Enquirer: 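My questions all concern the structure below.
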2 protein chains.
Amino acid sequence: MARRYRQRQRPNEQLLELTLRPACARWTTSTVPGVGAAGTAPAQGGTMTRLALTDALFLLIEGRQQPMHVASLQVYEKPKDAGRTFVRDLYESFIAVDEVAPLLSRRVRRGFGGVGPLEWVHDDDVDLEYHVRHSALPSPGRVRELLALVSRLHGSILDRRRPLWEVHVIEGLRSNRFALYMKMHHAFVDGVSGTQLVIDSLSTDPENRNMRPLWESSAFPERQSSPSQGFSPTLLARSLAKMPGSLAGAGRAVVDASRAALDHPLTGAAPFAAPRTVLNTGITGARRFAADDYSLSRVKAIGKATGTSLNDVVLAMCSGALRRYLIDHNALPDRPLIAMVPVSLRPKGEAVEFGKNAVGSILCSLATHLEDPLERLQTINGSMNETKARLAALNASQITLYSAAMTGGVMTAPLQIRTAIPPVYNLVISNVPGPRTPLYLNGAKLQGLYPVSIVQDSQALNITVLSYVDQLAFGLLGCRTALPHLQRLLDHLTTELDDLDKLSLG
Amino acid sequence: MARRYRQRQRPNEQLLELTLRPACARWTTSTVPGVGAAGTAPAQGGTMTRLALTDALFLLIEGRQQPMHVASLQVYEKPKDAGRTFVRDLYESFIAVDEVAPLLSRRVRRGFGGVGPLEWVHDDDVDLEYHVRHSALPSPGRVRELLALVSRLHGSILDRRRPLWEVHVIEGLRSNRFALYMKMHHAFVDGVSGTQLVIDSLSTDPENRNMRPLWESSAFPERQSSPSQGFSPTLLARSLAKMPGSLAGAGRAVVDASRAALDHPLTGAAPFAAPRTVLNTGITGARRFAADDYSLSRVKAIGKATGTSLNDVVLAMCSGALRRYLIDHNALPDRPLIAMVPVSLRPKGEAVEFGKNAVGSILCSLATHLEDPLERLQTINGSMNETKARLAALNASQITLYSAAMTGGVMTAPLQIRTAIPPVYNLVISNVPGPRTPLYLNGAKLQGLYPVSIVQDSQALNITVLSYVDQLAFGLLGCRTALPHLQRLLDHLTTELDDLDKLSLG
């Protein structure tokens, strides 16, 4: 077990930040027949388990234009002693697996001969050479070619007749590197728990060789009794389903938030106040993925100098970059963009206990109507602090209810484009703290770890940010048609970081 | 126009062989509003044309498990003077296109706001970087890696919201080679006319450089006034639709064929007499593609020595290889396999005139119950000759009706697996003569040209053979689940060719 990464305690973690931890509870709660409570094992040979409604929803709303899988892109540096066949040998070891882990041996089918509810059934004959693929980049093998390949891979829908995952081992990346792209369906894993699976399967020890892939039953990260802190719409929906009827305090908070938004229309973020933008259109099946790393310590220094949080600075970078992108396309709305920011609440030092952790999401004005970067950062900080203060007065269940009321529910996003309802928010921006220690796969150092999320009708862009050692990895996923030149957002993020740096510290 | 390949007259062509010619009539007959008659131009900006029912059928029966596209795999040798960036430069020239040809700028939609018949509409904004892709093979870049990539590419379904084609420029193939994989939907092109498009876009002149890709409007092979000789189920269906009611002669031929089959159950091939095999099962969405070249002159020499046709020898090779494969899998049926062999009839020397060319298909016993290769070849020759003699007494319309009656219609294949009807035939084996002169793309010599066809429910294997200079290229497409180790058929084909060679000539 030495090779598995274990997250250190992070005492300075902010109240409203998500934390990536070794615990992954999602499948402990989703594989249980009928009820969706925690604890039993996934489907084994011959057995079947009904999908929880919230998980089944991800299959039901899926279509060729809107695949519902999440992925992680990992870039590795080959070890110094790597031979010419290092990547091929890795691939060969990936398909030489005795028994595939139960979670990854399940496929979905309809019960009662095709007309009943969706069920997980164990696949006794997983075709690993189908699921694990060896690919290569065309020359010159830059990150640009890698992103083009990942864009394509992420645009193809998983085959429903097989277990819903794929792994691509990608060689031909310049500077002695290679990449892994791992894709899993949202019906059994969300972006956070999927990334967590990857982290759990890596080692902090560069001398650890002959590691087994995470899909091998014997190597599959153990399920934990404590739940994940990761945000997922599924968890939000589940929490809502469990909620007691009377939550008068949360109702009050919703009213307060709406009144604040009416008083300050450009800074507050009330539901149904987001402007219509090019981000909120119907999507096609093709994707653009752009990703890059930014210095975590620079972002932190800006937060310190301005009295704002790391997350505020991340939101300000996104805000400024989006403002530039929309101006380039002559599409900046007068009113500020509204971001949905997933949050997970765990009071500092409090023991983790299931049901006491509120997972929710809040709306934040991105202040894209403001030109001055510092002014924008302060406005975002104000918007976030106001919500935090309001949330501080609530208990966990009330926070969940508040989140649901404010965001309209993630599940309704695809409905918005079909109806006359204006967008509830313009895009989701998730910021997830990740591993703080370098990780290794068979001696190959993980250089970058990039989340690849989901876009939906009316939500054509998603930004997910993940920290790793001293890097902040931004993963931007967009609909290929709605978001031309998506990669320019990466340059705009650099410009914004430079500007904030100059203005706050210089 | 010098760079376009023009097929020479082939006086020794057999009556029942298909011929790949420069004419490609399919889209001249399918893009006309309403009626499906020949001649007018494809949809232009703003216009729309309804799909012919036979073309629409390919979209209607398509699904994730059963994509209905055809493709061609082309392997090229780089010219001696090629620089390091030859393939990248080629790719760049492929996407630097002023105007995409009308046939490849059309996408499909449903009329009357989504509830009407299928229509072609012109797409004013074709995203060429989506359609034309640059890929690479992982090391060691053998043909094996190429076939693995093509298997994957052929298993993914085309996006209905875009023009229904894709091209992949594939680098990293050993021995100074690269490959192109071109995929088009069967709703507007069949295997023969798709391959013909490729041939027409190449040059016989190695000094011809700066060639424009076939999808560029100015370079798109001209449409011909004479129709294609190529077989297509669509053409068969169209011919049937045009047929006069009374065809008593053909009815007589069907009765004769059935009686012959009853008299000689192991050599005759009557409809609904094919044994159930592993080839005739439901299919999944994943594919295996295997392809290799065999010596055309060796095959011809065997035909000459045994008094059989080139096509008979090809069928005998397939028969022996399938026999070995099925024995390996302990799945050889007692009764011989029945192949459907598409044919096109044009009496030698007769002028090409639309409507006078019968396109059809005949059933042939593959005599897989016989162990001796020569005996098998003679039985196949007898089965083919019997049908040819019967067909010689019919006119073109009668031949078409006969074909339809004997094969049950290609369109019914997917129905067979769903019902209790035994398979009409076990697999389709097409043998299509191709170019006899070496072809070049920007100085890169075409080394191999492999057809990649379609499999369907109840037809899990397709064998298409295409000649090129002195090669016979066998392209084998199978459902990945139904046909494990498909590539072993290639070795079996070699063994069969060697055995026939030894027995007939030695």
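Computed from a predicted model, the values in this text were never measured in an experiment.
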Enquirer: Residue by residue, scan residues 144-160 of chain A and write down, ordered by number, those that have a heavy-atom distance under 4.5 Å to chain B; if none do, write 'none'.
Expert: A:E145, A:R152, A:I157, A:D159
Enquirer: Closest heavy-atom contact between A:P138 and B:A136?
Expert: N-CB, 3.4 Å
Enquirer: I'd like to know which of B:R162, B:R64, B:Q65 tops the heavy-atom pair count under 4.5 Å against chain A.
Expert: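 That would be B:Q65.
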Enquirer: Without swapping roles, check the side chain of B:R161 against the backbone of A:I283 for a donor-acceptor pair under 3.5 Å.
Expert: yes
Enquirer: Could you measure the distance from the OH atom of B:Y130 to the CZ atom of A:R287? Nearest 0.5 Å is fine.
Expert: 10.0 Å
Enquirer: For the CG atom of B:D127 and the OG1 atom of A:T284, what is their distance to the nearest 0.5 Å?
Expert: 8.5 Å
Enquirer: For chain B, which residues from residues 79-97 of chain A have at least one heavy atom closer than 4.5 Å to it?
Expert: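 Counting heavy atoms that sit under 4.5 Å from chain B, the residues of residues 79-97 of chain A involved are A:R88.
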Enquirer: What part of B:E129 gets closer than 4.5 Å to chain A, counting heavy atoms only: side chain, backbone, both or neither?
Expert: both
Enquirer: What residue, out of B:G285, B:G172, B:S139, B:A286, has the most heavy-atom pairs lying under 4.5 Å from chain A?
Expert: B:S139
Enquirer: Side chain from CB out, backbone as N, CA, C, O: work out which of these in B:P140 comes under 4.5 Å of a heavy atom of chain A, or both, or neither.
Expert: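 Both parts, backbone and side chain.
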